[in-house]
Protein chains: 2
Amino acid sequence: MRLSTTARYSLRALSDLSSSPNNEPVSISGIASRQNIPVTYLEQIFGKLRRGGILESVRGAQGGYMLARPANDITISEILQALGEPVIFGSCQTEKGCENAVTCPTFNLWRKVKGSVDEILRTTTLEDIADEKISLLETQALDPERVEAKRKAEESKGE
Amino acid sequence: MRLSTTARYSLRALSDLSSSPNNEPVSISGIASRQNIPVTYLEQIFGKLRRGGILESVRGAQGGYMLARPANDITISEILQALGEPVIFGSCQTEKGCENAVTCPTFNLWRKVKGSVDEILRTTTLEDIADEKISLLETQALDPERVEAKRKAEESKGE
DNA sequence: TTAATCTTGATAAATTTTGTCGGATATGTT
DNA sequence: AACATATCCGACAAAATTTATCAAGATTAA
């Protein structure tokens, strides 16, 4: 269960893009060199993002890319969707689905996990990550080590 | 962002294993044929699970595998860990980590997502999935389509 | 002893991801 | 018009990962 580098490149590139002055197209080569991403690879990615309605482009000299909408109106979920990187945990969750979902013991588990992840991705916008608006408290509350420590504390209390 | 078939095979196989009468070792070939998993592949997987403390084995004729602990004491998180399938979303979350986590705009996002997923995997046991104990209500509340529908309903209400 | 079964390591096949290349098209600037 | 800067597109290549197979060995019940 991991995130592709395509997705990571994309978020970094979009973050870079959205932190530059608006209304002016930004060239791929600039972003690529600042973010240390292969130019030709980023071209492909931006193509997808454009076709997916995340970016708009201006061709020709002084051209480049810009956000199709304000950063606070673009969710991470949309970005991943435009990249064709669906969040899938069970085979139940592929396009064609899985005929034996009813009897599959893991169906509900993956449904729950996917729902939880989707919830976060759908409520986080590009602006949030560009401005690092995600509350540190919020992330700490979910920090595995802290949760584990808390669990153990309660466990030993109950004994 | 997807789950490997190794992980899916494993959960199905373990689910099969834990639903058979205790104390008796179950052969790989039996599980493989019931669950339609390549025998030799399942051998590899069970090897990892044994070394990871999830399974115990009995060699020789009438031998096979059995759970090293009660099913309600084995979490999904542990299983994935034994398989060497860490839940990783940012490069920040690899073993070696990522030196620029402090300035990385996506660090907090992936930390939050990972925390949320880990929380579920850590609190769900093998028994839960074998018995399908995960509440249907719980999964429906997180169903993407329902959440989306709800969101839209509230949106149009507010206009 | 024999048959069943796990154990291990190497390797092969398949698939996916990541990255490259060549050329086409568009457009501002000189 | 000529040129420089860019996006655009499809095919391809390289690398990595996942999935699967194979062969030979070790263990043990019957």
Side-chain angles (χ1 to χ4, degrees), chain A residues 1-13 17 20 23-33 35-52 54-68 80 82-86 88-89 91 94-95, chain B residues 1-13 17 20 23-33 35-52 54-68 80 82-86 88-89 91 94-95:
Chain A
M1 200 188 301
R2 65 176 336 124
L3 201 71
S4 67
T5 65
T6 297
R8 286 188 275 117
Y9 281 174
S10 300
L11 292 186
R12 280 201 284 135
L17 187 76
S20 87
N23 310 335
E24 290 179 10
V26 182
S27 78
I28 283 185
S29 55
I31 298 176
S33 73
Q35 300 294 330
N36 202 31
I37 298 171
V39 182
T40 48
Y41 195 40
L42 193 54
E43 274 181 13
Q44 284 188 72
I45 293 176
F46 271 25
K48 287 185 188 174
L49 292 174
R50 180 179 53 80
R51 288 187 289 275
I54 306 293
L55 293 176
E56 275 175 2
S57 65
V58 177
R59 300 182 68 163
Q62 323 306 325
Y65 285 90
M66 44 208 199
L67 296 180
L80 295 183
L83 292 172
E85 303 233 337
I88 291 176
F89 296 97
S91 47
T94 28
E95 314 78 53
Chain B
M1 197 186 307
R2 66 179 332 127
L3 201 72
S4 68
T5 65
T6 296
R8 286 189 274 116
Y9 280 174
S10 300
L11 292 186
R12 280 202 284 135
L17 186 73
S20 88
N23 310 335
E24 291 178 9
V26 182
S27 77
I28 283 187
S29 55
I31 298 176
S33 73
Q35 299 293 331
N36 201 33
I37 297 171
V39 182
T40 49
Y41 194 40
L42 194 53
E43 276 179 9
Q44 284 188 72
I45 292 176
F46 270 25
K48 287 186 188 174
L49 292 174
R50 180 178 54 81
R51 287 187 292 275
I54 306 291
L55 293 177
E56 275 176 1
S57 65
V58 177
R59 300 180 68 161
Q62 322 309 321
Y65 285 90
M66 44 207 197
L67 296 181
L80 296 182
L83 292 172
E85 304 232 336
I88 292 175
F89 296 99
S91 45
T94 30
E95 316 77 52

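Predicted, not measured: the structure shown is a model, and the values here were computed from it. Below, read A as the first sequence line, B as the second, and so on, with proteins coming before strands; counting in each chain starts at 1.
- Atoms CG and CG, from B:Leu42 and B:Asn36 in turn, are 11.5 Å apart once rounded to the nearest 0.5 Å.
- Applying side-chain contact (heavy atoms from CB on, under 4.5 Å) to B:Arg8 and the options B:Thr5, B:Thr6, B:Leu11 leaves one that passes, B:Thr5.
- Comparing D:dC9, D:dT19, C:dT18 by their nearest atom to the side chain of A:Arg51 picks out D:dC9.
- Distance B:Leu42 CG to D:dT21 P: 12 Å, rounded to the nearest Å.
- Note: OH (B:Tyr9) to P (D:dT19) measures 8 Å, nearest angstrom.
- Look at A:Ser57 and you'll find a side-chain N or O under 4.0 angstrom from OP1 or OP2 of D:dC8.
- A:Ile31 pairs with exactly one of A:Tyr9, A:Phe46, A:Tyr65 by the side-chain contact (heavy atoms from CB on, under 4.5 Å) rule, that one being A:Phe46.
- No hydrogens or angles were tested; on distance alone, nothing pairs the side chain of A:Gln44 with the base of C:dT17 as donor and acceptor under 3.5 Å.
- A:Thr6 has a side-chain polar atom (N or O) that falls below the 4.0 Å cut-off from OP1 or OP2 of C:dT18.
- Across D:dA6, C:dT18, D:dT21, the shortest atom-to-atom separation from the side chain of B:Pro38 is found for D:dT21.
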Practice task
Test side chain to side chain contact (heavy atoms under 4.5 Å, CB included) on A:Val58 and A:Met66 and set out the steps.
Solution key: CA-CA 8 Å; A:Val58 177; A:Met66 44 208 199; 4.1 Å; yes
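- Heavy-atom minimum distance, A:Leu83 versus A:Ser10: CD1-OG, 3.3 Å.
- Atom CG in A:Leu83 sits roughly 13 Å away from atom C1' in C:dT17 (whole-Å rounding).
- With rounding to whole Å, A:Glu24 atom CD is found 15 Å from C:dG28 atom P.
- Not one side-chain nitrogen or oxygen of A:Ser4 sits closer than 4.0 Å to the OP1 or OP2 atom of C:dT17.
- Distance, B:Glu85 CD to D:dT17 P: 13 Å, rounded to whole Å.
- Across all strands, A:Gly47 comes closer than 4.0 Å to no nucleic acid atom at all (heavy-atom distances).
- An OP1 or OP2 oxygen of C:dT8 is reached within less than 4.0 angstrom by a side-chain nitrogen or oxygen of B:Arg50.
- For B:Gln62 and A:Val58, each mapped to the nucleotide of DNA chain C holding its nearest heavy atom, the one lying further toward the 5' end belongs to B:Gln62.
- Within 4.0 Å of B:Thr40, counting heavy atoms only, lies at least one base atom of the nucleic acid.
- Nearest-nucleotide mapping onto DNA chain C: of A:Ala61 and A:Val39, the residue sitting toward the 5' end is A:Val39.
- The phosphate of C:dT17 (OP1 or OP2) has no side-chain N or O of A:Tyr41 nearer than 4.0 angstrom.
- Residue A:Arg59 places no side-chain N or O under 4.0 Å from the OP1 or OP2 atom of C:dA24.
- Straight-line distance from the CD atom of B:Glu43 to the P atom of D:dG25: 16 Å, rounded to whole Å.
- If you check every strand for non-hydrogen atoms under 4.0 Å, B:Tyr65 touches sugar and phosphate atoms only.
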